[in-house]
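This is a predicted model, so every value here is computed, not measured. Protein chains get the first letters and strands the later ones, always in sequence-line order, with residue 1 at the start of each.
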Protein chains: 2
Amino acid sequence: MVTRCDACPLRGRSLFADMSDEEVRQTQRFKVGELTVEAGTPILTEGAHSAQLFTVLSGVGLRHKVLQNGRRHVLTFLFPGDLIGLQGAVMGEMGHTVEARSRMRLCVFDRQALWNFFGNSPSRSYDLIWIAATEEHFMGEALVTVGQRTAEESVAWALVKLWKRAATLEMTDGAAMPMPFKQQDLADALGLSLVHTNKTLAKFRERQLAVWRDGRLQVNDLETLARIGMTDTAPPKPRPLL
Amino acid sequence: MVTRCDACPLRGRSLFADMSDEEVRQTQRFKVGELTVEAGTPILTEGAHSAQLFTVLSGVGLRHKVLQNGRRHVLTFLFPGDLIGLQGAVMGEMGHTVEARSRMRLCVFDRQALWNFFGNSPSRSYDLIWIAATEEHFMGEALVTVGQRTAEESVAWALVKLWKRAATLEMTDGAAMPMPFKQQDLADALGLSLVHTNKTLAKFRERQLAVWRDGRLQVNDLETLARIGMTDTAPPKPRPLL
DNA sequence: CGCTGTCTTGATCACTATCAAACCGAGTGG
DNA sequence: CCACTCGGTTTGATAGTGATCAAGACAGCG
């Protein structure tokens, strides 16, 4: 029932850095269980004192923050391999909410594990910083996008990001990938209205660059999208897996 | 000439967490020097392979990224106590450029120090994660701002943030603080045009909420600004100092 | 003193939000 | 089997926030 770390289906994927047997054992020791949640379920909520850390085993979700006036911003989309709850574990409380967008399986780690890492395993604590720094780097990119890119550029950028991420996770079959997100989610991630996001997607569909339909995203011309979104098509660097 | 860590002028400020004598000695051991740069000088540039880490001792600066089409986004403003270059040290290259906006004094640490921390000092490596997580948290707030707040709300939010930061650093005398940034910097941080930013500031000036003039920012009604910007006036939590 | 950089203000434009309504597939229940 | 609802998507019409264009003010400076 519960996946053993030495049989972790993620470790083989090209996105993730190699782990030594010792690191796998350490990780296993700190894994306290597995959690399955249905689409739509909040996993952690803003302001909550989370006692747990999760790693996404399968499925997708998102992090978002809501403003006092009810407007919502989606910070990042979550894919297998992503670590959830580091902020809460370190800072005491979560700065955002985490929600499932498909059925998700999550590895559960005890928050305590974190402190053990610092004492026992310099390489693992380095990995944690690596993850935090990378996350920050991504947020920087998102900030530039929302701040400086036009709607068309933003959507293209986001599609390329999503596609590249899915591709390195081998979630793409043929030219399509599962897209359980709503268009509203994408709109809220880019600071655009739902209507405008939809119309922009429609333009890409007409131009045969990308077709998002029936919960699947099909990308026909990644290069052109990347050019429009002013980004590149290089695969992301290998990242450590917790 | 060079400030000794045990005489660090920052450590007493309310913004920073207490350090043990041992931590001060450790920090001193890793400090390799001090650097003074003039306003306008780039300290680290995007893509560069930085071999060094800095902590701001005095002065202010900013981090920014530029897009292929030349548009620029300011990610954060830098104040005394901020750590610069962690991303570069961890990920190999900087994801943004760091630039001085006033004369700045910087403590210089060797990148190598980082690895030593992981091995020798769990509490210091925890501090590093804390810093990275906090930075990420801030970026999240900025993302919500740029994505969801109106121009007026954004500017109010930014002024409150700047003011609170300066206040805990005791950089405010009376009702004013030094503001060596350009309005263009603020505009680029909020994803607004210079003209619109200027007009929004003018409105706040007319309403006597805040007056930014001659390189100084005077805040008359922090509460109202916070209400407009949908944020709070609580001082930031104490943070570790490297 | 002209030059340059920054701030300021006014006029105009357009990208994107908002409003409104139809559409569509999947349930659900009579 | 059909009416009905419901969440999500799609499309059209209109409005507005904020961008862009333009020009003047002002200070510092070679």
Taken to the nearest whole Å, NE2/B:H196 to C1'/C:dC15 is 14 Å
| message | With a 6.0 Å cut-off (strictly less than), is the heavy-atom count around CZ of A:R216, excluding the residue itself, greater than 12? | response | yes
>> Taking 4.0 Å as the cut-off, does a side-chain nitrogen or oxygen of A:R213 come that near to OP1 or OP2 on D:dT10?
In response: no
Side-chain contact check for B:S193: nearest option of C:dC19, D:dT10, D:dA19 is D:dA19
In whole angstroms, the gap separating P of D:dG8 from CG of A:L186 amounts to 15 Å
Between CD of B:E153 and C1' of D:dG18 the distance, given in whole Å, is 14 Å
Can you tell me if the side-chain N/O atoms of B:N198 get under 4.0 Å from OP1 or OP2 in C:dT8? yes
- [ ] Give a yes or no on whether A:R72 atom CZ has more than 12 heavy-atom contacts from other residues, nucleotides or ligands under 6.0 Å away.
- [x] yes
Rounded to whole Å, the CG-C1' distance (A:L201 to D:dT11) equals 14 Å
Rounded to whole Å, CG of A:L192 lies from P of C:dT18 at a distance of 11 Å
Just checking B:R103: does its CZ atom have more than 12 heavy atoms from other residues, nucleotides or ligands closer to it than 6.0 angstrom? no
B:L194 CG to C:dT8 P, in whole Å, measures 9 Å
Quick note, A:T150 side chain, CB onward, closest among C:dT18, C:dT6, C:dT16 is C:dT16
The nucleotide from D:dG12, D:dG18, D:dT20 with an atom nearest the side chain of B:A151 is D:dG18
query = Between A:K164 and A:D232, is there a side-chain N and carboxylate O pair less than 4.0 Å apart?
reply = yes
| query | Side-chain N or O of A:Q184 less than 4.0 angstrom from OP1 or OP2 on D:dT9? | reply | no
Whole-Å distance, B:D214 CG to D:dA25 P, equals 18 Å
Is a salt bridge present between A:E135 and A:R63, judged by a nitrogen-to-oxygen distance below 4.0 Å? yes
Considering only heavy side-chain atoms of A:K182, the closest of D:dT10, D:dG8, D:dC21 is D:dG8
Picking from D:dT10, D:dG12, C:dT9, the nucleotide nearest the side-chain atoms of A:K199 would be D:dG12
Regarding the side chain of A:R71, the nearest nucleotide among C:dT8, C:dT18, D:dT20 is C:dT18
Original post:
Checking all strands, does B:G191 fall into the base, sugar-phosphate, or nothing category for heavy-atom contacts under 4.0 angstrom?
Top reply: sugar-phosphate
In whole angstroms, the gap separating P of D:dA27 from CD of B:Q183 amounts to 16 Å
